[in-house]
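A quick write-up on the structure given underneath.
Numbers here are sequence positions counted from 1.
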Amino acid sequence: MLIDSHCHINSEELRLDARGIISRAIDADVRKMLIVGCDYEDSCEAVALAETFSQLGLYASVGIHPHEAKRYDDIPGEFHRLIHNSRVAAVGEIGLDYHYDHSPRDVQKKMFELQLEFAENNNMPVVLHIREAMRDAMEILTQHRGLKMLFHCYSGGLEYLDEVLGMGGMCAFGGAITWKGAGADELREIIRRIPAENILLETDSPYMTPVPLRGKLNEPANVKYVYDAAARERKITVPELAEIVERNARNFFGWD
């Protein structure tokens, strides 16, 4: 059984073919998928999809992405209802993104801290989006060490790996581990080094398409290529890796 711990079936690129995408994922032995929210509307759609396809192993997260932080002065009140839905498994994706700076950095930080407190108050894990902002993110996260944290599309490199692991953080890896280049080489080194209990795998579909499908829209069925690459680097079989990831996802998200 494979797991896609981060996908955007609710995205503009994928939502019209949601049923087909989920069917292809099931055919590829993907049995659990987390549909991720990036703003209020997106989160509502993630929850609706998770409810509609609950028997097929879909769950949702609700959150405000750093790109969208400038649109909000506070966490929408409706999030307090969504968070108690049985298909909601996490708060996210939340964090800081200094690559694009679509929202001012002080606004990103404020919304990040509000959502970390929201997760704490509701005893929920968090799915983190941190891009070119690890130093500021870690300063904030050290104030919330009791949270279960998943670094989606981990980009802290070897520089921050020990600090992340010291906080009990989980690291998720996607299609980038199949790419060429120095960044991908470092990710594969991290895959080889990271303890088994800290690994999750994802697609981030429709983005981050793995080799050999680069240039096409990504979807959860393609997580199999991520499993193949990660298993190869760790010198174990895909079934062995799948058992590890399944256990980690169950422990982190609390799903059955």
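Looking only at distances, a side-chain donor or acceptor of Y154 sits under 3.5 Å from a matching main-chain atom of L161. Side-chain atoms of E202 come within 3.5 Å of backbone atoms of C153 as a donor-acceptor pair (strictly under, hydrogens ignored). Of the possible donor and acceptor atoms, none in the side chain of S5 sits under 3.5 Å from a partner among the backbone N and O of L200. With N248 contributing its side chain and A196 its backbone, the two residues share a donor-acceptor pair below 3.5 Å. At least one donor-acceptor pair closer than 3.5 Å links the side chain of N10 to the backbone N or O of V36. Side chain of Y225 to main chain of L213: no donor-acceptor pair is present (N/O by atom type, distance under 3.5 Å, no hydrogens or angles). In this structure, N218 contributes its side chain and Y207 its backbone to a donor-acceptor pair below 3.5 Å. Looking at E219, its side chain never comes within 3.5 Å of a backbone N or O of A25 through a donor-acceptor pair. Formation of a donor-acceptor pair under 3.5 Å by the T52 side chain with backbone atoms of A48 is found in this model. Of the possible donor and acceptor atoms, one in the side chain of K70 sits under 3.5 Å from a partner among the backbone N and O of H102.
Placement of M111 and I83 within a single hydrophobic cluster is found when ILVMFWY residues are connected by side-chain heavy-atom separations under 4.5 Å, directly or transitively. In terms of hydrophobic clustering, with Ile, Leu, Val, Met, Phe, Trp and Tyr side chains grouped at heavy-atom distances under 4.5 Å, M1 and L201 are assigned to a common cluster. In the hydrophobic clustering of ILVMFWY residues, with side-chain heavy atoms under 4.5 Å counting as a link, M208 and V223 come out apart. Grouping the Ile, Leu, Val, Met, Phe, Trp and Tyr side chains by contacts below 4.5 angstrom, directly or via other members, places L114 with Y72.
Taking CD1 of I3 as the start and CG of D29 as the end, the distance is 10.5 Å to the nearest 0.5 Å. Put simply, OH on Y227 and CG on L241 are 6.5 Å apart, with the number rounded to the nearest 0.5 Å. Taking CD of E68 as the start and CD of Q108 as the end, the distance is 11.0 Å to the nearest 0.5 Å. In this structure, the separation between CE on M33 and CG on L49 is 10.5 Å, given to the nearest 0.5 Å. Rounding to the nearest 0.5 Å gives a distance of 9.0 Å between SG of C171 and CD1 of I199. Remark: L165 CG to M170 CE distance equals 10.0 Å, nearest 0.5 Å.
Between N85 and R87, the shortest heavy-atom contact is OD1-N, 2.8 Å. What you find for I94 and P66 is that their closest heavy atoms are C-CD, 4.3 Å. When all heavy atoms of L82 and S43 are compared, the pair lying nearest together is CD1-CB, 4.4 Å. Closest approach of R193 and L158 over heavy atoms only: NH1-CD2, 3.8 Å. What you find for G175 and V226 is that their closest heavy atoms are N-CG2, 3.8 Å. Between V126 and A119 the shortest heavy-atom distance is CG1-CB, 3.4 Å.
Under the 3.5 Å distance criterion, with hydrogens and angles disregarded, no donor-acceptor pair is assigned to the side chains of T203 and N222.
Within the structure, the salt bridge (charged side-chain N to carboxylate O under 4.0 Å, His left out) test picks out the following pairs touching residues 220-235 (sequence neighbours left out): R192-E233. Note on residues 118-128: pairs passing side-chain hydrogen bond (donor to acceptor under 3.5 Å, both in side chains), not counting sequence neighbours, are E120-H144. Evaluation of the salt bridge (charged side-chain N to carboxylate O under 4.0 Å, His left out) test over residues 132-146, restricted to residues two or more places apart or in two chains, returns K109-D136.
The only member of R15, E45, E93 that meets side chain to side chain donor-acceptor pair (under 3.5 Å) when paired with H8 is E93.
S11 pairs by the side-chain hydrogen bond (donor to acceptor under 3.5 Å, both in side chains) definition with E13, not counting sequence neighbours. Residues passing the ring-ring contact (aromatic ring centres under 6.0 Å, His included) test with F79, sequence neighbours excluded: none.
Cation-pi contact between R250 and W255: absent, since separation from the ring centre below 6.0 Å together with deviation from the ring axis within 45° is not met. For the pair R131 and Y98, the cation does not sit on the ring face, since its NZ or CZ is not both under 6.0 Å from the ring centre and inside 45° of the axis.
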Verdict with reasoning, L147 to M167, per side chain to side chain contact (heavy atoms under 4.5 Å, CB included):
CA-CA 9 Å; L147 278 174; M167 294 176 65; over 6 Å; no
Full working for salt bridge (Lys or Arg N to Asp or Glu O under 4.0 Å) between D74 and K110:
CA-CA 9 Å; D74 203 344; K110 176 186 175 183; over 6 Å; no
Set out, in order, the CA-CA distance, both residues' side-chain angles and the distance that settles side chain to side chain contact (heavy atoms under 4.5 Å, CB included) for W179 and R214, then state yes or no.
CA-CA 9 Å; W179 299 352; R214 291 278 280 155; 3.0 Å; yes
Working for salt bridge (Lys or Arg N to Asp or Glu O under 4.0 Å), residues R24 and D27:
CA-CA 5 Å; R24 290 191 290 276; D27 288 345; over 6 Å; no
Begin with the C-alpha distance, continue with both residues' side-chain angles, and end with the deciding distance and a verdict on side chain to side chain contact (heavy atoms under 4.5 Å, CB included) for R81 and E78.
CA-CA 5 Å; R81 180 186 66 82; E78 189 67 7; 2.3 Å; yes
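Under a 4.0 Å N-O distance rule, the pair K32/D4 does not qualify as a salt bridge.
By the neighbour-count criterion of 12 heavy atoms within 6.0 Å, atom CZ of R71 is densely surrounded, having more than that number from other residues, nucleotides or ligands. Summarising the local packing, CD of E243 is surrounded by 12 or fewer heavy atoms from other residues, nucleotides or ligands at distances under 6.0 Å.
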Identify every side-chain donor-acceptor pair in residues 53-65 under 3.5 Å, counting partners at least two apart or on other chains, and give the distances.
residue	atom	partner	partner atom	Å
S54	OG	E51	O	3.4
Y59	OH	D256	OD1	3.0
S61	OG	G92	O	3.0
H65	ND1	H67	N	3.0
H65	NE2	H129	ND1	3.4

